[in-house]
Colleague: 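I'd like to ask you about the structure that follows.
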Amino acid sequence: MESEQLFHRGYYRNSYNSITSASSDEELLDGAGVIMDFQTSEDDNLLDGDTVVGTHYTMTNGGSISSSTHLLDLLDEPIPGVGTYDDFHTIDWVRERCKDRERHRRINSKKKESAWEMTKSLYDAWSGWLVVTLTGLASGALAGLIDIAADWMTDLKEGICLSALWYNHEQCCWGSNETTFEERDKCPQWKTWAELIIGQAEGPGSYIMNYIMYIFWALSFAFLAVSLVKVFAPYACGSGIPEIKTILSGFIIRGYLGKWTLMIKTITLVLAVASGLSLGKEGPLVHVACCCGNIFSYLFPKYSTNEAKKREVLSAASAAGVSVAFGAPIGGVLFSLEEVSYYFPLKTLWRSFFAALVAAFVLRSINPFGNSRLVLFYVEYHTPWYLFELFPFILLGVFGGLWGAFFIRANIAWCRRRKSTTFGKYPVLEVIIVAAVTAVAAFPNPYTRLNTSELIKELFTDCGPLESSSLCDYRNDMNASKIVDDIPDRPAGLGVYSAIWQLCLALIFKIIMTVFTFGIKVPSGLFIPSMAIGAIAGRIVGIAVEQLAYYHHDWFIFKEWCEVGADCITPGLYAMVGAAACLGGVTRMTVSLVVIVFELTGGLEYIVPLMAAVMTSKWVGDAFGREGIYEAHIRLNGYPFLDAKEEFTHTTLAADVMRPRRSDPPLAVLTQDNMTVDDIENMINETSYNGFPVIMSKESQRLVGFALRRDLTIAIESARKKQEGTVGSSRVCFAQHTPSLPAESPRPLKLRSILDMSPFTVTDHTPMEIVVDIFRKLGLRQCLVTHNGRLLGIITKKDILRHMAQTANQDPASIMFN
């Protein structure tokens with residue numbers, strides 16, 4: 001291998017001497033890094049270019065801020081369009097940061113000139129706090145609206161409140177004096193569909209009618225949701241977190257965070273949750289919050305004109321989204337830091353914290369759950385956990401890791417099959433089929449018929465004297481004194497055993513349906529279904545350990561803690577730990593997940609069991625594959641994302657990865673003073689690359705800088721309009737001094753101001769491990785490869801991704817977006 005590398009490097013150093021005789025530049029990799037084009041069908045165009053030849057022109061790295069100001073020496077104002085990016089392009093982080101520093105210096109230099117300039121300076125300084133405040137307010141309000149509407153529409157599948165149509169089932173019976181302790185959800189004001197249609201409250205006819213109406217409403221909601229998504233906002237489907245991670249890494253997907261996507265996602269999220277599909281609203285709420293952040297950022301020039309600064313707002317918005325999804329402001333900040341953000345400076349941490357705070361405050365003011373709390377799952381356990389319980393907690397962590405590994409593989413396999421078969425061409429039919437199967441299988445089982453959030457709440461809840469659930473149907477010892485807060489462990493009754501069987505069936509149902517539901521063309525989150533699966537498994541294990549401790553309290557593991565008549569096992573705690581373990585197995589989150597769960601439940605005392613289970617689930621899941629579900633979907637869709645968690649350990653060099661390769665035509669380059677306007681326009685029209693290295697001459701191959709395709713196009717068009725004498729034969733000069741020309745020659749066109757004089761370069765001997773690290777930490781789109789100052793080739797983000805796929809024994813062509 002080493003000798004082969006030496007051969008290649010020798011070839012590269014010698015081959016570029018022949019560039020003067022070469023005219024083909026078809027294989028120069030596009031300078032934009034990782035670009036996508038829906039319309040192209042040719043592999044080379046898909047991988048190496050992203051524009052239709054001769055139509056629109058795209059951007060690449062330009063580290064110099066000068067490209068956003070005076071494009072031509074004769075022009076005093078910026079040219080519209082410079083510094084912006086086309087759809088499916090990677091932003092240039094270095095260039096954007098340079099622009100922001102230049103803007104900041106300009107404002108500081110002017111603020112002492114007048115009171116107005118000082119006011120503008122203060123407005124600029126406070127605009128970051130204003131935009132995250134607006135984002136938090138909007139996120140909290142929309143989350144409250146979604147929660148209230150989803151609860152009402154979920155209960156609509158079973159009946160309606162005649163006294164007040166806008167009340168859900170629980171609210172309808174709040175004011176009733178005719179409810180009983182055992183049947184607290186039954187009141188005259190609430191009518192099931194069977195009572196309204198056939199006048200029967202009980203019996204087989206009533207059951208069948210309620211069954212039919214349940215399926216009818218589920219299918220109606222699902223059909224309406226997928227139809228709205230398909231017609232008005234295709235980007236509103238799915239969780240949104242994989243795409244948001246990609247966008248935060250610097251990729252541009254126009255419309256993904258737009259107002260139409262926000263409106264349709266908000267409406268269809270309510271419909272999708274109400275349809276009873278095995279999905280949650282928590283992931284999509286992050287997408288909703290990021291849409292709010294993106295829309296409000298356009299009100300402030302500091303963010304609307306700078307894509308890197310805009311991503312700071314989106315990081316804060318994602319924190320606000322998790323804050324309102326789980327009622328977990330601190331967990332939201334940590335989620336943004338650990339899971340979705342690519343660039344997270346300290347000021348973004350503060351603003352994320354503030355956005356999460358504002359969003360949580362608004363949600364608390366709305367009080368959508370009617371319990372004066374931020375969350376639905378708040379629980380209070382009255383007994384501590386004991387050391388011996390770490391063993392079942394770790395077992396739940398193992399189950400969570402196994403579930404996560406199974407789910408990721410099964411779901412990705414199904415999504416890949418959907419993409420490659422005709423079934424994927426009929427998204428409406430797929431949603432209808434999944435909704436029909438879910439409704440038909442869910443109705444007979446009371447635990448699957450329940451709203452998933454209500455199911456988790458019931459599984460988390462400890463059995464007290466006021467609980468009427470069949471999970472709390474224990475045989476009471478009539479001789480034992482009843483203490484409200486500390487009911488001793490008791491033998492399970494028939495209701496508990498019946499509930500366990502129903503929970504086992506619900507567990508199988510949830511596992512199967514979640515695999516097929518995540519990824520369909522409606523808004524679909526994964527947090528709640530994963531937590532439900534873990535909570536079911538945890539509750540079953542908790543009841544088993546509780547009964548084991550009751551009947552075998554003399555065993556050495558129970559003897560010290562579990563005395564006769566003592567309350568030492570809390571099954572609800574096992575459900576909470578199982579929920580965290582399964583969510584951790586799927587997403588591979590750790591710190592943020594533990595904080596989210598204890599904020600979600602109020603279980604601060606149980607952080608150690610949560611940490612043990614989550615860490616175990618991550619270790620077990622990583623043994624089968626290090627990717628979480630979001631990274632797996634990013635890779636499935638071919639998004640240009642360099643994951644900072646991945647390690648690159650191979651010993652290849654830059655010369656082994658750069659383009660052109662041995663069989664490729666020479667690199668397409670510009671010379672600093674030997675080309676005419678026609679030469680440059682022909683090169684632009686004949687190629688689809690987004691930038692061109694500029695060299696001194698084709699003989700010397702000495703690198704001068706890097707010119708962007710888009711800037712070249714704009715500069716030439718502007719010169720034709722505003723500079724007299726610019727014709728096709730005009731000499732284009734990138735040098736500092738214009739070369740002497742014959743008197744009859746047309747006036748030369750000076751384009752040095754659009755040239756990036758400091759493009760990132762590496763030598764051909766640079767290890768790829770360092771190159772990958774540079775791309776990740778600086779957010780590069782491409783870097784140039786030189787040898788003793790002579791240009792050899794170019795490495796782009798797509799080259800990096802392809803090379804990493806090759807080293808992982810994957811097909812490089814399969815990882816790029818199509």
Side-chain angles (χ1 to χ4, degrees), residues 148-225 270-278 370 432-455 457-459 466-473 493-506 509-510 513:
I148 293 169
D151 286 345
W152 179 76
M153 294 186 74
T154 299
D155 289 343
L156 188 63
K157 298 203 300 287
E158 298 183 4
I160 196 166
C161 185
L162 293 181
S163 59
L165 296 178
W166 56 89
Y167 280 176
N168 63 23
H169 193 170
E170 183 181 5
Q171 293 166 339
C172 190
C173 295
W174 274 350
S176 175
N177 296 321
E178 301 177 43
T179 55
T180 62
F181 176 75
E182 290 80 11
E183 297 181 337
R184 63 187 74 177
D185 60 338
K186 290 189 177 180
C187 59
Q189 291 86 350
W190 179 263
K191 296 292 184 183
T192 64
W193 291 111
E195 290 177 85
L196 289 172
I197 296 172
I198 61 175
Q200 294 181 13
E202 304 290 339
S206 169
Y207 182 86
I208 292 171
M209 178 53 65
N210 284 330
Y211 201 163
I212 292 171
M213 290 305 296
Y214 182 92
I215 295 171
F216 167 76
W217 283 112
L219 291 178
S220 299
F221 293 154
F223 175 73
L224 187 56
V270 172
L271 293 167
V273 171
S275 69
L277 289 164
S278 184
I432 293 297
I433 291 173
V434 172
V437 171
T438 303
V440 169
F443 187 84
N445 188 333
Y447 292 109
T448 51
R449 191 190 316 169
L450 266 180
N451 180 8
T452 311
S453 297
E454 293 282 354
L455 170 63
K457 178 185 177 185
E458 184 166 333
L459 294 169
L466 301 179
E467 293 299 326
S468 61
S469 167
S470 58
L471 282 170
C472 297
D473 183 22
L494 290 176
V496 174
Y497 290 117
S498 172
I500 287 177
W501 279 110
Q502 290 174 332
L503 285 176
C504 288
L505 293 173
F509 167 81
K510 287 284 184 186
M513 293 314 301

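Along the sequence shown, residues carry numbers from 1.
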Colleague: Do any N or O atoms from the side chain of S498 and from the backbone of L494 form a donor-acceptor pair under 3.5 angstrom?
Modeller: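 Here the side-chain-to-backbone pair does not exist.
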Colleague: Where do L156 and W193 come nearest, in terms of heavy atoms and distance?
Modeller: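 Closest approach of L156 to W193, heavy atoms only: O-NE1, 2.7 Å.
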Colleague: Does the E454 side chain pair with the main chain of N451, one donor and one acceptor, at a distance under 3.5 Å?
Modeller: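 It does not hold such a pair.
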Colleague: Taking all non-hydrogen atoms of both residues, which atom of A499 and which atom of Y447 are closest, and how far apart?
Modeller: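 Minimum heavy-atom contact is CB-OH, 3.4 Å.
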Colleague: Taking all heavy atoms of E170 and all of D155, pick out the closest pair and write down the distance.
Modeller: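 Closest pair (atom of E170, atom of D155, distance): N-OD2, 4.3 Å.
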Colleague: Any side-chain to backbone donor/acceptor pair from W166 onto C161? Under 3.5 Å, distance only.
Modeller: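 Pair absent, no side-chain N/O of W166 close to backbone of C161.
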Colleague: Is it true that atom OH of Y211 has more than 12 heavy atoms of other residues, nucleotides or ligands lying nearer than 6.0 Å?
Modeller: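 Enclosed.
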Colleague: Of all the heavy-atom pairs spanning I160 and L165, show the shortest one and how long it is.
Modeller: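 Shortest heavy-atom separation between I160 and L165 comes out as CD1-CD2, 3.6 Å.
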Colleague: For a quick test of reading the model, state the closest non-hydrogen atom pair linking A441 to F509 and the distance between them.
Modeller: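 It is CB-CE1, 3.5 Å.
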Colleague: Does the separation of the ring centres of F443 and Y207 fall below 6.0 angstrom?
Modeller: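 Distance test on ring centres: under 6.0 Å, yes.
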Colleague: Assess the pair F221 and W217: is the distance between their ring centroids shorter than 6.0 Å?
Modeller: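 For F221 and W217, the ring centres are under 6.0 Å apart.
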Colleague: For the OH atom of Y214 and the CZ atom of R449, what is their distance to the nearest 0.5 Å?
Modeller: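 Atom-to-atom, Y214:OH and R449:CZ are 7.5 Å apart.
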Colleague: What is the distance from atom CG of L219 to atom CG of L224, rounded to the nearest 0.5 Å?
Modeller: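 L219 atom CG to L224 atom CG measures 12.5 Å (nearest 0.5 Å).
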Colleague: Taking A274's backbone N and O only, do any of them form a donor-acceptor pair with K157's side chain (distance below 3.5 Å, no angle check)?
Modeller: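 Flag set: sc K157 to bb A274 pair under 3.5 Å.
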